[in-house]
Number of protein chains: 2
Amino acid sequence: MAVGPQLQHPGAEGMGDAFHPECVWRDVIDLSSRWTGPILHVLRERPLRFFELQTALEGISDKMLSQTLRTLVRDGLVTRTVEPTTPPRVTYELTTLGHSLADSLAPFIAWVRRHATDVLAARRRHDEPQSG
Amino acid sequence: MAVGPQLQHPGAEGMGDAFHPECVWRDVIDLSSRWTGPILHVLRERPLRFFELQTALEGISDKMLSQTLRTLVRDGLVTRTVEPTTPPRVTYELTTLGHSLADSLAPFIAWVRRHATDVLAARRRHDEPQSG
DNA sequence: CAGCATCCAAAAGGATACTG
DNA sequence: CAGTATCCTTTTGGATGCTG
C-alpha cells in the first residue's frame with residue numbers, strides 16, 4: 001500500500017512516489033505476515049506473556065510467534081520484558097507507536113466482522129454454476 | 001485477524017470463536033496478498049482500466065493484477081465492465097461494499113504515511129551494533 | 001516457560017511466451 | 001488492450017526436536 005502522498009488520479013503525471021516499490025506498505029509494516037495483525041490486536045487489551053499469546057492466537061506455532069514478535073520489537077511496536085525468574089517470565093506489550101497502529105487497524109477489523117458474511121455470500125454466488 | 005466477537009482477555013474461557021482458524025481475516029479479505037490493498041486504494045478515486053491500474057501500481061505483473069482483480073470481483077468488492085470494442089476496454093470499479101472496505105483501510109494507510117519513518121528509525125536503532 | 005534450529009511442504013509471485 | 005498458461009524462484013510457515 002502506498003505510503004507516499006495522496007494518490008493523484010492514476011495516469012496523471014502527478015503520481016509522484018505514491019507507488020514506488022519501496023513505498024509499498026509491506027516494507028513498513030508486514031501485514032502480509034499471517035500473524036502480525038492478530039498479535040497487534042490481542043495486545044490492545046493488555047500486555048501478554050508468550051504462552052498467553054499462544055493461547056489467544058489458537059493455532060500459531062512457537063516459531064511463528066517468536067519470529068513475528070521479534071519483528072514487532074525490532075520495529076518499535078512492541079516491548080519485550082523479561083523477569084529473570086525460573087522459569088523466566090516474558091511479557092509483551094504494545095508501545096505507544098504500536099498502540100496507534102493497532103488503533104488504526106480497528107476500523108478494518110470492524111469491517112471484517114460486519115461484512116464477512118457479505119463477502120462469503122458474494123463468493124458463493126459467484127462460484128455456483130450458472131445453471132438455468 | 002479475528003473477525004469474531006471482541007476478544008475477551010486471553011486465557012479466559014470466553015475466547016469464543018474470536019480466533020478460530022476460519023475467522024482469521026485472511027480467509028475473508030486477503031490483505032496478505034501483496035496487491036489487494038494497493039488495488040483497493042487506487043480504485044477509491046475513480047474506476048480504472050486494466051492498463052491504468054498497471055501504471056498506478058508500478059511493478060505489478062499482468063498475472064498478479066488479473067489474478068488479484070479476479071478475487072476482488074469474486075468477493076463482490078469490485079465490478080468488471082467490458083465494452084466490446086476492438087480492442088476491448090475493461091473497467092474496474094469498487095462496489096459499495098468495496099468502497100466501505102477501502103474506507104476502513106484509510107486510517108491504516110494514514111498511519112503508515114505518518115509513521116513509516118518511526119518504524120524505519122526503530123529498526124535502524126535495533127540493528128546497529130551495540131557498541132559502547 | 002520461552003525460546004531456537006532444522007527440515008520440509010505449500011503458497012506467493014515474477015518472467016516469459018502466447019491469445020482473442 | 002486485456003488478458004491466459006507455464007515455469008520456476010522466493011517466501012511463508014508448520015512440524016519436530018532440543019535448550020536454558
Side-chain angles (χ1 to χ4, degrees), chain A residues 1 10-11 19-22 24-39 42-43 47-75 78-93, chain B residues 1 10-11 19-22 24-39 42-43 47-75 78-93:
Chain A
M1 182 72 72
F19 282 95
H20 277 195
E22 270 76 13
V24 170
W25 78 22
R26 194 186 243 200
D27 297 325
V28 176
I29 161 67
D30 193 6
L31 264 200
S32 67
S33 164
R34 181 132 179 36
W35 298 107
T36 299
I39 289 177
V42 295
L43 285 177
L48 292 172
R49 297 178 57 186
F50 191 88
F51 83 93
E52 290 176 316
L53 279 163
Q54 203 155 23
T55 303
L57 269 20
E58 289 186 50
I60 191 172
S61 62
D62 286 5
K63 181 191 159 183
M64 291 317 298
L65 181 53
S66 73
Q67 182 175 306
T68 310
L69 284 170
R70 241 180 291 140
T71 302
L72 259 15
V73 170
R74 176 174 179 252
D75 288 352
V78 165
T79 58
R80 178 177 184 275
T81 308
V82 186
E83 295 170 64
T85 55
T86 332
R89 184 192 188 85
V90 183
T91 306
Y92 294 88
E93 180 168 12
Chain B
M1 183 72 74
F19 283 94
H20 276 195
E22 268 76 14
V24 170
W25 80 22
R26 192 185 246 200
D27 297 323
V28 176
I29 161 65
D30 193 5
L31 262 201
S32 68
S33 164
R34 180 128 180 40
W35 298 106
T36 299
I39 290 177
V42 296
L43 286 177
L48 293 171
R49 297 177 57 186
F50 191 87
F51 82 94
E52 291 177 315
L53 279 163
Q54 204 155 21
T55 303
L57 269 18
E58 290 186 48
I60 192 172
S61 62
D62 287 3
K63 181 191 159 184
M64 289 319 296
L65 181 53
S66 74
Q67 182 176 306
T68 309
L69 284 169
R70 242 180 290 138
T71 302
L72 259 16
V73 170
R74 176 174 179 251
D75 287 352
V78 165
T79 59
R80 178 177 184 275
T81 309
V82 187
E83 295 168 65
T85 55
T86 332
R89 183 193 189 84
V90 183
T91 304
Y92 294 89
E93 180 168 11

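Below, chain A is the first sequence line, B the second, and so on; all start at residue 1. Side chains are part of it too, since the values below use all heavy atoms of this structure and drop only hydrogens, waters and symmetry mates.
Between A/Thr86 and the phosphate of D/dG20, there is no side-chain N or O to OP1/OP2 separation shorter than 4.0 Å. Note on A/Ser33: a side-chain N or O is less than 4.0 Å away from OP1 or OP2 of D/dG13.
Here the P atom of nucleotide C/dC4 and the CD atom of A/Gln54 are 12 Å apart, to the nearest Å. Across the protein-nucleic acid pair, A/Glu83 atom CD and C/dG3 atom C1' stand 17 Å apart, rounded to whole Å. Look at CD on A/Gln67: it is 13 Å from P on C/dG3, rounded to the nearest Å. When the C1' atom of D/dA2 is taken as reference, atom CZ of B/Arg80 falls 8 Å away, rounded to whole Å. Atom CG of A/Leu69 and atom P of D/dG13 are 14 Å apart (whole Å). Rounded to whole Å, the distance from CZ on B/Arg89 to C1' on C/dG20 is 19 Å. Whole-Å rounding puts the B/Leu65 CG to C/dG13 P distance at 13 Å. When the P atom of C/dA12 is taken as reference, atom CZ of B/Arg70 falls 13 Å away, rounded to whole Å.
Shown here for B/Leu43 and B/Tyr92, the closest heavy-atom pair between the two residues is CD2-O, 3.6 Å. In terms of heavy atoms, A/Pro38 sits closest to A/Leu57 at O-CD1, 4.1 Å. Nearest heavy-atom pair, A/Ser61 versus A/Gln54, reported as atom, atom and distance to 0.1 Å: C-NE2, 3.8 Å.
Separating the CH2 atom in B/Trp35 from the OG1 atom in B/Thr68 is a distance of 9.0 Å, to the nearest 0.5 Å. Atom CG of B/Leu65 sits about 10.0 Å away from atom CZ of B/Arg70, to the nearest 0.5 Å. Summarising the geometry, atom CD1 belonging to A/Ile60 is positioned 11.5 Å from atom OG1 belonging to A/Thr55; distances are rounded to the nearest 0.5 Å. How far CZ of B/Arg80 is from CG of B/Leu69: 9.0 Å, rounded to the nearest 0.5 Å. For the atom pair CE (B/Met64) and OG (B/Ser33), the distance works out to 5.0 Å, reported to the nearest 0.5 Å.
Axis orientation changes by 50° from one end of the helix from C/dC1-D/dG20 to C/dG20-D/dC1 to the other, with each end axis drawn from 5 pairs and the value rounded to 10°.
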Could you run down the sub-3.5 Å N/O contacts of the protein with nucleotides 14-18 of chain D?
from	atom 1	to	atom 2	distance (Å)
D/dG14	OP2	A/Trp35	NE1	3.4
D/dG14	O6	A/Lys63	NZ	2.3

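For the side chain to side chain contact (heavy atoms under 4.5 Å, CB included) test with B/Leu48, the passing option among B/Val42, B/Val90, B/Thr91 is B/Val42; the others fail.
Mapping A/Pro88 and B/Tyr92 onto DNA chain D by nearest heavy atom places B/Tyr92 at the nucleotide closer to the 5' end.
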